[in-house]
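Here is the structure we will look at, set down as structure tokens.
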There are 4 protein chains.
Amino acid sequence: MFLETIRSEGLAHQSYLVGDDSAAVVIDPRRDCSVYLERVAAHGAAITQILETHRNEDYLVGSPELARRTGAVVRHGAAMDFAYGSPARHGDRIRIGTLEIEVLETPGHTNESLSFVLHDPALSDRPYAVFTGDALFAGSVGRVDLADGDRSENAARLFDSIHERLLPLGDGTVVFPAHGAGSVCGPSISDLPFTTIGFERDANPYLQLDREGFIARKAGELTYRPPYFEQMERLNRAGPPAPPDVRTLRPLAPAELAGMQVVDIRSPTGYGAGHVPGSFSIWRDGLPLFMGWVLDYKRPIALVDDFNLDLSSVEAHFVRLGYDNLAGYLGGGFTSWLRAARPVGQVATWAVQDLRERLGDVLVLDVRDGNNRGEQGAIPGSMHIYAGELSSRIAEVPVDRPIVTHCDIGYKGSLAASLLAARGVRCVANLIGGFAAWKAAGYPVAEGA
Amino acid sequence: MFLETIRSEGLAHQSYLVGDDSAAVVIDPRRDCSVYLERVAAHGAAITQILETHRNEDYLVGSPELARRTGAVVRHGAAMDFAYGSPARHGDRIRIGTLEIEVLETPGHTNESLSFVLHDPALSDRPYAVFTGDALFAGSVGRVDLADGDRSENAARLFDSIHERLLPLGDGTVVFPAHGAGSVCGPSISDLPFTTIGFERDANPYLQLDREGFIARKAGELTYRPPYFEQMERLNRAGPPAPPDVRTLRPLAPAELAGMQVVDIRSPTGYGAGHVPGSFSIWRDGLPLFMGWVLDYKRPIALVDDFNLDLSSVEAHFVRLGYDNLAGYLGGGFTSWLRAARPVGQVATWAVQDLRERLGDVLVLDVRDGNNRGEQGAIPGSMHIYAGELSSRIAEVPVDRPIVTHCDIGYKGSLAASLLAARGVRCVANLIGGFAAWKAAGYPVAEGA
Amino acid sequence: MFLETIRSEGLAHQSYLVGDDSAAVVIDPRRDCSVYLERVAAHGAAITQILETHRNEDYLVGSPELARRTGAVVRHGAAMDFAYGSPARHGDRIRIGTLEIEVLETPGHTNESLSFVLHDPALSDRPYAVFTGDALFAGSVGRVDLADGDRSENAARLFDSIHERLLPLGDGTVVFPAHGAGSVCGPSISDLPFTTIGFERDANPYLQLDREGFIARKAGELTYRPPYFEQMERLNRAGPPAPPDVRTLRPLAPAELAGMQVVDIRSPTGYGAGHVPGSFSIWRDGLPLFMGWVLDYKRPIALVDDFNLDLSSVEAHFVRLGYDNLAGYLGGGFTSWLRAARPVGQVATWAVQDLRERLGDVLVLDVRDGNNRGEQGAIPGSMHIYAGELSSRIAEVPVDRPIVTHCDIGYKGSLAASLLAARGVRCVANLIGGFAAWKAAGYPVAEGA
Amino acid sequence: MFLETIRSEGLAHQSYLVGDDSAAVVIDPRRDCSVYLERVAAHGAAITQILETHRNEDYLVGSPELARRTGAVVRHGAAMDFAYGSPARHGDRIRIGTLEIEVLETPGHTNESLSFVLHDPALSDRPYAVFTGDALFAGSVGRVDLADGDRSENAARLFDSIHERLLPLGDGTVVFPAHGAGSVCGPSISDLPFTTIGFERDANPYLQLDREGFIARKAGELTYRPPYFEQMERLNRAGPPAPPDVRTLRPLAPAELAGMQVVDIRSPTGYGAGHVPGSFSIWRDGLPLFMGWVLDYKRPIALVDDFNLDLSSVEAHFVRLGYDNLAGYLGGGFTSWLRAARPVGQVATWAVQDLRERLGDVLVLDVRDGNNRGEQGAIPGSMHIYAGELSSRIAEVPVDRPIVTHCDIGYKGSLAASLLAARGVRCVANLIGGFAAWKAAGYPVAEGA
């Protein structure tokens, strides 16, 4: 048996390739799916099955494309209509060479959610592992606000799926979830590479709750829903189009950026000291999590980095979220903009020492995830709007005082500052080091209500 | 300026990527053209021009595909009709950023052959380099048997192109030909990475001849023309189809090989001691030069190697020659065939010592290039048919005695032995070490008439 | 937490790199230890601890070298004297950044064997995983014949270690053993990438036995002990020397092979049809398992392949087993030998159909692992000597008849044939396809007593 | 023949690997010399000769280390004493397999400078190429201020070497110099990948001068000599020590940076908006050219980047200049510094529009190469000190007004600003976009006397 986890950074998405020396299955393939073909070739096997744990919301699946390239069969939950593939039902057993996959219906995160139990009949009758999709994570469980219907009902369904279908697989069963730490698909997922039923039964805070407590907690949870989710949901049912040939990205001259959506992927300090006016500040690793809050699917997108850096990994983020309108990057990096003597935008960067001194004079705008603010406390007097939601709630921000944006470390704060600057707010600063530095400096912390 | 040579091994094809920090040109792109996109991205430039020195015969060009991916313009000689691109004419000057390409019409190899002179006006008025296509090689010149019309006329045209258009560029001009050592597009090309007008004027044997001598030599030259050339010529005028997604190659079970064209890419010794009956023996590096002699474009092709080796480089050979009917490879390597207890073909392998002892008893079939036979001499009493031509001339081979095939070292001999074995000839041996070993052993050598 | 498995193919050795964003531990590093430095750098952490589960017998550890390069501390079991590092004792807790390793003494395979329990205190009090060394494998347990003392006593100790120390960690604990499928350190290890206490409790045949049954089975098990183990044991206690700069390997001319130990890494068919007389036939993937049976540590070693293939992966096998006397490879591959008209050795290769016909006329020498012979049966009338042991027992083989060697598929059979040929036995053939093909052909099978 | 150019970016150093299928020579190997071993292995040859064109000043040679690893012979000019290798003299002919290298003494840049003429006797008696070291570059010639003795005498010697020894090789001879565009070893080297005698005879401005004119120009040329040259010269005569195992670099905690030489390799904007107080700003690609001006060989060096980026290429720059005191990098990037709430340094970044408005109020400090200032003109009223020399001439800078540093684009300006800030100058800004932006904006330009 070979079993490989293919991780998509940022999304913290985990897909899996499992097989023996003849056949293989891919579970939840991503849209840039060449990786599965390369890996399976290394094992000398052929992909014969593609399984989806659920209709994903946060990225485009690669199932139709991978099926086209391999001739493999696609299967997903029967409780939703898909324009491609065929339904798998509770109790179905699917052969992958000498291995066997048993289908469990585990609704809750979505109605049609499935889990896939991996058996190696040559070794034992007991299951070796289970691919739990967004039902059960290391240290967490899936969101219940994305499925149709009432959150409490979804939470109840999820509780039952976990307790009646997953936990009975036995403590020794390995758990491979669809997401790892950092995903927006579940709160506070831990950073274990994988987990076990037994470890989760003891260590997962959600599994310490009874049904009522579980439902209450899940129903009341603060979650965010970026606007691009709608696009993903629609396309993942219809079948995403084949990925574009991203290699056609080309260097753009400064003049070509006019009218484009410009995304600056440099650090907050780099952005602060000089940038293309109107550009969004989204640091490289933050692209998958934040581009979907601010970019539209129409106007061409241009990237700005310091140099002509290798964009290969960055491109994939756009492919995965369906931004096929990525046009290229500023040739020669930000320096080209400067060389051309184009107007330069600036956003002040403040250290926590600076903010401490002038705390009363400015509006402090906290753009962290509200959960973090609640757990860790807040800078006294700060206003809160989550960075992702800021572009749609920007009218709520008073502009009668200088504004200092802040987040956990300084990245989302830079995005927020860029959104404010793009709207014409002139006196904006970003707190580099963010709340982490504020706390490390021992400065006063208020309730993060 | 950046200038990169992209070599396709086996074909000894050399394409070129030249540009500055904004724009780039590709000269004679191959069909698997991602390499140009990757390389140009590393330089932060964009491909704006694609130039073809001539309508190629030995591989499929990537011009239409590369144009589709980049938006670049394709240009080729005006003396032939192409279904894509637009004509370039003698004296045209094409700008590539700050660089300049001057077009020279240099017919002879084909009627519409062009050379491209590279100028960097910022440095000098004199040319820096010239891309000579198949007109002038290091130590050789192009074939004149492939163009329409009389060989002598073509040779005369080629002589004039070289002497009136290329040599006048000046000794200091760097020469970048379309082929290097090992190509079938010119005899005995030397293995210099590139050359200069001055070095060739002194060292190239063809440039030591006067017009008459040149024409006589070129018109009388022994050349071979594999049947696949016709397909290349037709498609290169029409515009080759986009390359297939070669990653879909899959492992095949022994039973699936029935009815396929099976190509065994192992060494002659490996093939000799056991092989799939009916398979062709073409060693890995010999694929580009010999598959076009024996494979058709219809029936699926299966490869056999020792193991599940990485096929990535091998696949490219098939793409370049348009064999989109490559189906896959024997999963698990030749061992799988054995495990399945399938019948095993064998071809004896003889060392030169063995042949020496039994020289009178056997038919020695020399399958070398006739030019080599002529220059180096022959094993006494041997019959000659070039390996490439053997499949169409196989009826000429008498089968009343055991046959020992031989070539230079033993690879083409194995191909020949495999062709004979496939036709049912039972007593076939291949001379490993070939003529090189025969000579090294000090055995008698006859005229290679 | 990051957790990576670094596998050494052939040896099926598994070492581990575990850490958080500051510190990391390596468990059982191999001698070519740059991989740990590269991987830990990718995580931005520093290696602060090196732990050995036991004094290894089958490869050289990289602990002293890795310690030299990182400044990390080396720890091993207290029940053996080592010339480097310091002892770890039952119950010790070692901090790796925010993680914690708990030491368990789990003797049996060797007296000083340790297991390391991995805790992430931020997540739970219960253990997440355990690194079991050679105590517990997926589907198997360690050998008990390598430790000092009585096999039964060692088996009893191993039983107690597993039942009293490992199983109590709980079903949900992940198990990371020091070896995977194919290792000689335990019989029939399954090919799971890792396992769990719970899965093993149900599926591991050894864990279904009571104490007495376990001891009886382990004490009676047929095992092999290659002569190089002694060198490994000695050096692993003393601390292996720094690995040589393997990049100094160079191409050798045919004449330079005189007096060297020549290892032919081509396939059995390639070897059969022609080889350097006196060379050992050990296929590429078989090197780690078989070179230690036939090579000495004194005379220079030369490799022969078909071509000048990339030797980078092959070199590592020699480094890991301490064969610092590897000198290089035959430049130009076996073809160079032929070109030079050197004498060529040959060993016949028989398909099973050939053997079936002449079964009574020949001595069939079965060189499989005796366990396989016992389980799967034998070719009627065959004699058995394990391939590894053949060079020391070669005098037992009668040479009055032609000999056909066979193994499972044909690789070890080729090694055996090469050993016989090197001793001057003239009539030797190797059965390609081996017992697998024999069985697939439906030919008669006798008891493999 | 194979011939590869190995480039060291930044230094614009070009070394060469040339050989046939058995033997190879390396010309001017760099200290991190594994690349030659990897490349020569790909060609299946062995390095038998190492040739040095001259005693280098700007980087450490790898000759002794490469000789140690290969057993090859090292040769350099006879006119200087070296502690390793042996002398090569004018007219010596050195065999490299079937190739031949002819030694030319071409003094001028240094007294013992050699050029190496490459012949392939199988092709021609005329030379194919010449490796000119620092005598002749594409578009330039070597410096004459580094050799002992009078500049004019050195210039005369260089003129004679070029005119009497190099040009007579013939226009068609390929020229491979030791440096490309960007090197400090010759002024305004052009960016051709290589050149020819003929092209240079026409296009090289220095070759258009007569002897007197040449001497006058070379003797009067403004050149810079970084302090680390002395270390290079000394060690290159003595034989540089083996390169350190750079993989031992480790992440450093913020507190560990105390007392270290901190080099910030981020962009000028990133540095400007926040940095470790006292750190030097040297952008990634500027490291090889500027670290030698400001770093000492004693105190440990720490790097700061945005993230935990892959440092593999950066490390090599330090190895090449002998900075074996590189200790590591700030773990987690500059963000770690912020998280720890450490004090943050800032340097203002001005766009040219900002400077234009306040031109009279500030001291504009031009830190460009004086040659550039001379050729392109200057910002009116600006003071000039070359960035490299600033640390030794810092006392010359008046601090009674705010200072705006500027260079060509903004990188060296950031280094200058960092040097001023480190000396306690508070009102410092760096002009991003530099003189290029100033000119592009159409602002007034004064004579750059």
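These numbers come from a predicted model, not from an experiment. Below, chains carry the letters A, B, ... as their sequence lines are ordered, and counting in each starts from 1.
Here the OG-CD distance, from D:S124 to B:E200, works out to 9.0 Å after rounding to the nearest 0.5 Å.
Of all non-hydrogen atoms in B:R126 and D:G198, the two that sit nearest each other are NE-O, 3.9 Å.
Residue contact with chain B, scored on non-hydrogen atoms closer than 4.5 Å, is absent for D:P205. Contacts between B:L123 and chain D at a heavy-atom distance below 4.5 Å involve backbone atoms as well as side-chain atoms. Using a 4.5 Å cut-off between heavy atoms, D:F2 makes no contact with chain B at all.
Per-residue heavy-atom pair counts under 4.5 Å with chain D were compared for B:L3, B:L192, B:T196, and the maximum is reached by B:L192.
Classification of the B:F194-D:Y128 ring pair by plane angle, with boundaries at 30° and 60°, yields tilted.
For B:D210, the CG atom counts as densely surrounded, since its 6.0 Å shell holds more than 12 non-hydrogen atoms of other residues, nucleotides or ligands.
For residues 164-172 of chain D, heavy-atom neighbours of chain B at less than 4.5 Å comprise D:D171, D:G172, sorted by residue number.
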